[in-house]
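Working notes, beginning with the structure itself.
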Amino acid sequence: MKPKKMIMCLIPNNKCDLKCSYCYISQLPEWMKSGDKFTYDVNYIAKCLSKERLGGECLINLTGEGETMLQKDIVELCRLLLEEGHYIELVTNLTITKVVDDFLKLPSNLLEQLEFKISFHYNELKRINLMNRFFENVEKVQKSPISFTLELMPYDELIDNIDDIIDVCKKNVGAKCQVTVGRADYLPSRTLLTKQSKEEYIKTWSKFESPMFDLKMKLLDVKRKEFCYAGAWTLYVNLYTGEAAPCYAQPYRQNIFKNPEKPIKFIPVGCHCALPYCINGHAHISMGVIPELDAPTYAVVRNRKRKDGTEWFSKKCKEFFGTKLYETNKEFSKCEKLYYNITWYFRGIFFIISHPKKVLRKIRLGYNKIRRSIKEKHK
């Protein structure tokens with residue numbers, strides 16, 4: 001089986017049981033103040049994301065602004081989406097034991113289509129004495145049909161603990177964890193979140209031999225000018241409101257929850273990426289949204305092989321995540337690409353006219369980012 005599309009779903013619940021020093025959500029006044037219920041019933045959400053409406057089985061990523069497993073009815077929503085035939089990637093710190101246990105009660109055939117993207121918050125787990133609980137839950141997952149990846153957010157405070165982190169990972173999951181890349185999201189450039197130079201940063205964190213880290217560093221600061229099929233083959237959806245965009249920071253929006261009988265418009269970004277570089281390239285580019293770019297598959301970026309030869313991914317997940325979206329979707333002709341590139345401007349203008357409050361809010365956010373950037377430079 002191969003994925004037809006990749007759907008990135010944001011759950012804007014900012015509640016979390018951890019308070020990591022590098023997490024921007026936990027630094028905001030709104031932290032821990034949001035509700036934890038979906039605006040729409042989960043059966044309705046699943047209907048809006050049905051296999052029929054999306055064109056086939058999809059890879060659906062569920063990410064909370066806080067801890068995803070603190071979202072009420074998250075297990076039921078996943079069950080419904082898995083029954084549709086979709087494969088789910090759920091981002092979690094894996095410390096909410098009751099919800100982990102609830103997931104493990106799902107039928108084995110559904111669990112084979114589920115992957116936990118487990119964030120390993122080493123310092124915070126030690127600070128609040130949750131390391132044992134964390135790895136007890138990891139062990140439960142390893143004994144189940146669920147696939148997983150263990151991912152570390154690298155930041156300067158962890159540098160002295162790198163050898164211990166590697167030893168802990170080898171002991172508990174049989175391999176080094178994957179490593180992502182920290183971004184200074186308050187800066188327009190989205191540059192590295194570190195006091196090290198780029199060369200020092202690469203040397204420090206390459207010790208983990210992580211394909212994810214290697215790909216993200218390769219994509220860092222490289223403005224994408226190729227024709228991108230994000231929006232045509234992928235979608236970015238707010239699961240509270242149903243508002244959907246082709247990708248991050250794109251001006252065009254549609255609401256896919258207002259009328260589930262209405263077809264979704266899959267419109268590509270084309271040559272109009274609004275970001276300084278592909279900030280989620282380890283997912284989008286590894287899934288093939290820019291077909292001419294040579295990149296490892298999403299399975300390679302996520303999976304690890306243990307010393308005993310077993311792997312973090314089940315056979316089904318490895319196969320599904322190991323597919324490029326251009327294998328299941330038709331690439332556009334030169335005329336079609338030209339059409340989407342030209343009409344992008346009109347969609348942007350229409351969005352500005354029809355959503356003035358949202359545009360003003362984005363301008364304010366951009367202005368605040370610039371102010372913070374100037375303050376950081378003068379510290």
Side-chain angles (χ1 to χ4, degrees), residues 1-10 56-63 86-91 113-119 147-154 175-183 190 202 205-206 208-236 246-249 266 268-269 273 275-305 311-329 331:
M1 189 179 294
K2 298 180 179 182
K4 185 67 176 178
K5 290 181 175 65
M6 180 173 68
I7 312 298
M8 311 297 288
C9 296
L10 171 68
E57 294 85 0
C58 300
L59 169 56
I60 297 181
N61 174 286
L62 299 174
T63 304
H86 300 312
Y87 281 61
I88 303 295
E89 177 178 64
L90 186 133
V91 180
Q113 298 165 211
L114 175 63
E115 179 245 336
F116 285 158
K117 197 236 76 170
I118 305 171
S119 300
S147 297
F148 76 96
T149 186
L150 195 65
E151 180 183 313
L152 182 77
M153 158 62 184
K176 298 177 181 179
C177 57
Q178 296 287 3
V179 179
T180 184
V181 169
R183 302 187 309 265
R190 305 288 182 96
I202 292 172
W205 299 104
S206 290
F208 286 85
E209 302 174 294
S210 169
M212 174 185 288
F213 179 80
D214 294 342
L215 177 59
K216 296 196 80 160
M217 290 306 299
K218 181 181 177 181
L219 298 174
L220 183 78
D221 297 331
V222 180
K223 178 69 177 177
R224 303 277 36 129
K225 298 179 181 178
E226 306 91 342
F227 190 93
C228 178
Y229 284 90
W233 302 346
T234 72
L235 212 58
Y236 179 55
C247 197
Y248 313 102
F266 292 101
V269 169
C273 182
L275 294 168
Y277 61 93
C278 188
I279 63 170
N280 201 28
H282 72 284
H284 283 81
I285 288 177
S286 69
M287 288 297 292
V289 296
I290 302 179
E292 62 265 39
L293 284 187
D294 183 25
T297 66
Y298 201 34
V300 170
V301 168
R302 288 291 190 204
N303 193 19
R304 285 286 205 189
K305 183 176 285 188
E311 300 182 45
W312 290 356
F313 272 27
S314 69
K315 183 179 179 181
K316 288 179 72 173
C317 270
K318 184 178 178 181
E319 184 178 305
F320 197 80
F321 285 60
T323 302
K324 300 285 188 177
L325 290 170
Y326 53 72
E327 296 176 36
T328 53
N329 292 277
E331 294 184 45

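Heavy atoms only: backbone and side chains are in, while hydrogens, waters and symmetry mates are out. Residue numbers start at 1 and run along the sequence shown.
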I need the minimum non-hydrogen distance between [X] and [Y], along with the two atoms involved.
X      : Y      : value
Ala175 : Trp312 : CB-CZ2, 4.0 Å
Thr297 : Gly322 : CG2-O, 3.5 Å
Phe320 : Met1   : CD1-O, 3.6 Å
Phe213 : Val181 : CD1-CG2, 3.8 Å
Ile279 : Arg190 : CD1-NH1, 3.4 Å
Val301 : Pro211 : CA-CB, 4.4 Å

With heavy-atom distances below 4.5 Å as the criterion, would you say the side chains of [X] and [Y] are in contact?
X     : Y      : answer
Pro3  : Tyr87  : no
Glu57 : Gln113 : no
Glu89 : Tyr298 : yes

| task | Could you verify whether a donor N or O on one side chain and an acceptor N or O on the other, from Gln178 and Ser210, lie under 3.5 Å apart? | result | yes

| Residue pair Thr180 / Lys216, side-chain donor-acceptor N/O under 3.5 Å | yes

| query | Any chance NZ of Lys318 has more than 12 other-residue heavy atoms, nucleotides or ligands included, within less than 6.0 Å? | reply | no

Judged by atom type as modelled, is there a donor-acceptor pair below 3.5 Å linking the side chain of [X] to the main-chain atoms of [Y]?
X      : Y      : answer
Lys4   : Thr328 : yes
Arg304 : Thr149 : no
Thr234 : Met6   : no
Ser314 : Ser147 : no
Lys223 : Leu275 : yes
Asp221 : Tyr277 : no
Lys324 : Ser286 : yes

| field | Worked verdict on Trp233 versus Glu331 for side-chain contact (heavy atoms from CB on, under 4.5 Å) | value | CA-CA 10 Å; Trp233 302 346; Glu331 294 184 45; 4.0 Å; yes

| Hey, what's the ring geometry for Tyr229 with Phe227, parallel, tilted or perpendicular (30° and 60° as the breaks)? | perpendicular

Once rounded to the nearest 0.5 Å, what's the spacing between atom [atom1] of [X] and atom [atom2] of [Y]?
X      : Y      : atom1 : atom2 : result
Met217 : Trp205 : CE    : CH2   : 12.0 Å
Cys273 : Arg224 : SG    : CZ    : 9.0 Å
Phe208 : Lys176 : CZ    : NZ    : 8.0 Å
Ile88  : Ile60  : CD1   : CD1   : 4.5 Å
Glu226 : Ile285 : CD    : CD1   : 7.5 Å
His284 : Cys228 : NE2   : SG    : 7.0 Å

| Do the two ring centres, one from Phe321 and one from Phe313, sit under 6.0 Å apart? | yes

